[in-house]
Number of protein chains: 2
Amino acid sequence: MTFTFSNDDRLPLYQRLRDELAANIAENRWRPGEAIPTEAELVSHYGVSIGTVRKAVDKLVAEGVLERFQGRGTFVRRASFDNAMFRFFRFQSETGEPLAPEGRVLNREVVEAPAQVAQGLNITAGSPVIHLTRVRLINQRPLLSESIWLPKEKFSALLDIPLSEFGNLLYPFYEERVGCAVASAQEYLTVEPVGAKDAELLQIAEGTAVITVERVAFGYDQQPLEWRRYCGLASHFRYHVEIR
Amino acid sequence: MTFTFSNDDRLPLYQRLRDELAANIAENRWRPGEAIPTEAELVSHYGVSIGTVRKAVDKLVAEGVLERFQGRGTFVRRASFDNAMFRFFRFQSETGEPLAPEGRVLNREVVEAPAQVAQGLNITAGSPVIHLTRVRLINQRPLLSESIWLPKEKFSALLDIPLSEFGNLLYPFYEERVGCAVASAQEYLTVEPVGAKDAELLQIAEGTAVITVERVAFGYDQQPLEWRRYCGLASHFRYHVEIR
DNA sequence: GCATCAAATTCATATATACGAATATATGTT
DNA sequence: AACATATATTCGTATATATGAATTTGATGC
C-alpha cells in the first residue's frame, strides 16, 4: 500500500514529490486557503523521509504556491491581487485617507475573441468571449480604464448577474461565482498615447501618455483564465525594483 | 579552538552563521568571483553540522550573494548589470544584429552633492562628488542619457583617467580602478517630460515623454557607492513582471 | 459560558550519516 | 606532449532522529 510516483524517475525524489503535491493543487483536490496534510501524513503517504517532504514543500513555498505556519499547518496560498492597482501607480491622498479603490463594470458583451486575446487565452481566434469594460476609481475619480476578456464557456455564469453585483474585486468574485481561482499572472507594460475610448473614460485629452498593461491571469492548473488590458495616466506611474 | 559566534544568540544557528558568512563578504575577506571555504571546512571552522552550513549557504544563494557549483565549490557571486540597459527598454535591431551597446562619458566634473544625491549616497549635502555625464548608444544612436554621481573621496582615482578609457561598462571599471564592486542596486521609475539637456543628448524634442530611472548602487557591505539618474524614450519602454 | 491550564499537534531547528553526481587533480600510458 | 584513466574533492540527495517553538485542542474549575 505504498505510493508509487508516476513521474520521471531521473529527477530527484524531492522534485518528484513537489510535482505530486503541485498536481493535487492543480487538480483542485487541495484548494486555496485550505490546509494540506501534515508533514507526518505526507511522510507516511508518500513513503519518504521528513527531510524530503520538507525540501519539496520548501520549493512550493518559494514558488508562492504554499504557505507554512508553525504550529498550524501548511496551506495552499491564495494569491492576493488586492494591491495590483498600486503596483505601478501611486495616487496621492490629500489627507492621508485610506484610499479605498472602487471597481465599476460599465458594459458587458459577448464577442468573438480578437487575435491577441485568443492568443493570450490560448483559444482559437473567433471563439466566444465575454468582454467587460470597467473603470477603477478613487474618490469618484476614474484612474484606470480596463478592458477584460473571459472565455465564454467557463465564465457563462457571469452573464446572468447584474453588473452592479460584480463588486470591487473581480478575482474573489470569479472564485465565488465560477469556481475559478487565480494563482498567478503575467503583466506586460508599455507607454502609449491614450486612445479615444480610454481618454473619455479617464476624462483626459486624447493622446496623453498612459501606461498600458496587458495581463494574462492563470489558474492553479496554469491554464489562462482572463486576459485584460488596462491603462492609467503615465504621470501617476511609479515603480521600484531591486537588482542583484 | 572552536569558533564563538558574536551575534545575537536568540537567532537560530543557521541565521547567525549566515550573518558570519555575509560579514566575510562585506568586509572583503571573501571577494567576488572567489571560492569560499568548502562545506567541510566551514563545518570544522564554525563547529556546526553540515546541515546547518548548507542551510546558511542556501539563504545566501537565495539572496543572490553566493553561487554553488556541484563538484567545484561555492563562490561569491559577481552581480551582473550587463543587461540593465535592456531591463526596461527594447531597441529593435533591423536585421537582428547583436546590438552592442556603447557607453560614452561626455563630461566629468567635481561638484557639491545636491540634496537628492547626498541623500541617496548617505553623505552630507554639499560634500564633494564626481559628476559624470554619459550617453548609451547603439549603432551610434544615443538611446539613454545618464547623469552619475560618485563620492569624490572613494572614487578620486577616476579623476586621473582620460574619459576615453572609461569603457562601455562602468561597474567592472569601478572594480578594476577603485576596488569597489557593486553588489546590488535599487531603481525607481517614473515618466516625465524630458528636460532640455537630456533632450539635446537624445536628439529628441523637449517635453517628449521619457522613462526616468533613479538608481542607487550598493557595495557588498550595503554602503551606497553610486547614485545615477538616466532616461530614455518612453516609446522604447517595455517591461514584464510575474505576479504570484 | 468563560477563563485557565495541560496536553497534543504541527512546523522549525540541529545533528549525524551514507551515498550519488559533477568536477578537478593526479597518475599512467603511449 | 597528449590522451585516457583512476582518484580525490566538492556539492547534491536521502534518511533517521532528537529537541524546541508556536498553535490548537481538550480538560478543568468557577
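By convention in this document, chain letters (A, B, ...) are assigned in the order of the sequence lines, proteins followed by strands, and residues within each chain are numbered from 1.
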Ignoring backbone atoms, establish whether B:T74 has a side-chain N or O less than 4.0 Å from OP1 or OP2 of D:dC11.
yes

How close or far is atom P of C:dA24 from atom CZ of B:R72, stated in whole angstroms?
6 Å

d(OH, B:Y46; P, C:dA14) in whole Å
16 Å

Examine D:dA14: is either OP1 or OP2 under 4.0 Å from a nitrogen or oxygen in the side chain of A:K55? Give yes or no.
no

Check A:E226 with A:K154, please: is the shortest side-chain N to carboxylate O separation under 4.0 Å?
no

Is A:Q70 side chain donor-acceptor paired with the C:dA12 base, going by distance under 3.5 Å alone?
no

Tell me the interatomic distance from B:E67, atom CD, to C:dT23, atom P, rounded to whole angstroms.
14 Å

Between D:dT15, C:dA12, C:dA14, which nucleotide gets closest to the side-chain atoms of B:T52?
C:dA14

What is the distance from CG of A:L60 to P of C:dC11, rounded to the nearest Å?
14 Å

Expressed in angstrom and rounded to an integer, what is the separation of A:L13 atom CG from D:dA14 atom C1'?
7 Å

Rounded off to whole Å, could you give me the CG-to-P distance for the A:L11 and C:dA21 pair?
13 Å

Given the ring of A:F75, does A:R72 sit roughly above its face, with NZ or CZ under 6.0 Å from the centre of the six-membered ring and within 45° of the axis?
yes

Is it true that A:E20 and A:R18 make a salt bridge, defined as a side-chain N closer than 4.0 Å to a carboxylate O?
no

Does a salt bridge link A:R136 with A:E102, judged by any charged N lying under 4.0 Å from a carboxylate O?
no

Would you kindly give the CZ-to-P distance between B:R16 and C:dA12, to the nearest whole Å?
20 Å

Which is true for B:G73 with a 4.0 Å heavy-atom rule: it touches a base, it touches only sugar-phosphate, or it touches nothing?
sugar-phosphate

Between A:Y188 and B:H240, what is the ring plane arrangement, given parallel below 30°, perpendicular above 60°, and tilted in between?
parallel

Whichever of A:F69 and B:A40 has the more 5' nearest nucleotide on DNA chain D, that residue is B:A40

From C-beta outward on B:R54, which listed nucleotide comes closest to its side chain: C:dA14, D:dG12, C:dC11?
D:dG12

On DNA chain D, does the nearest nucleotide to A:G71 precede the nearest nucleotide to A:G51 from the 5' side, or the other way round? Give the residue.
A:G51

Could you state the CD-C1' distance from B:E39 to D:dT13, rounded to the nearest angstrom?
12 Å

Among the candidates D:dT17, C:dC11, D:dT13, find the nucleotide nearest to the side-chain atoms of A:I50.
D:dT17

Look at the side chain of B:P12 and decide which nucleotide, out of C:dT15, D:dT13, C:dT13, has an atom nearest to it.
C:dT13

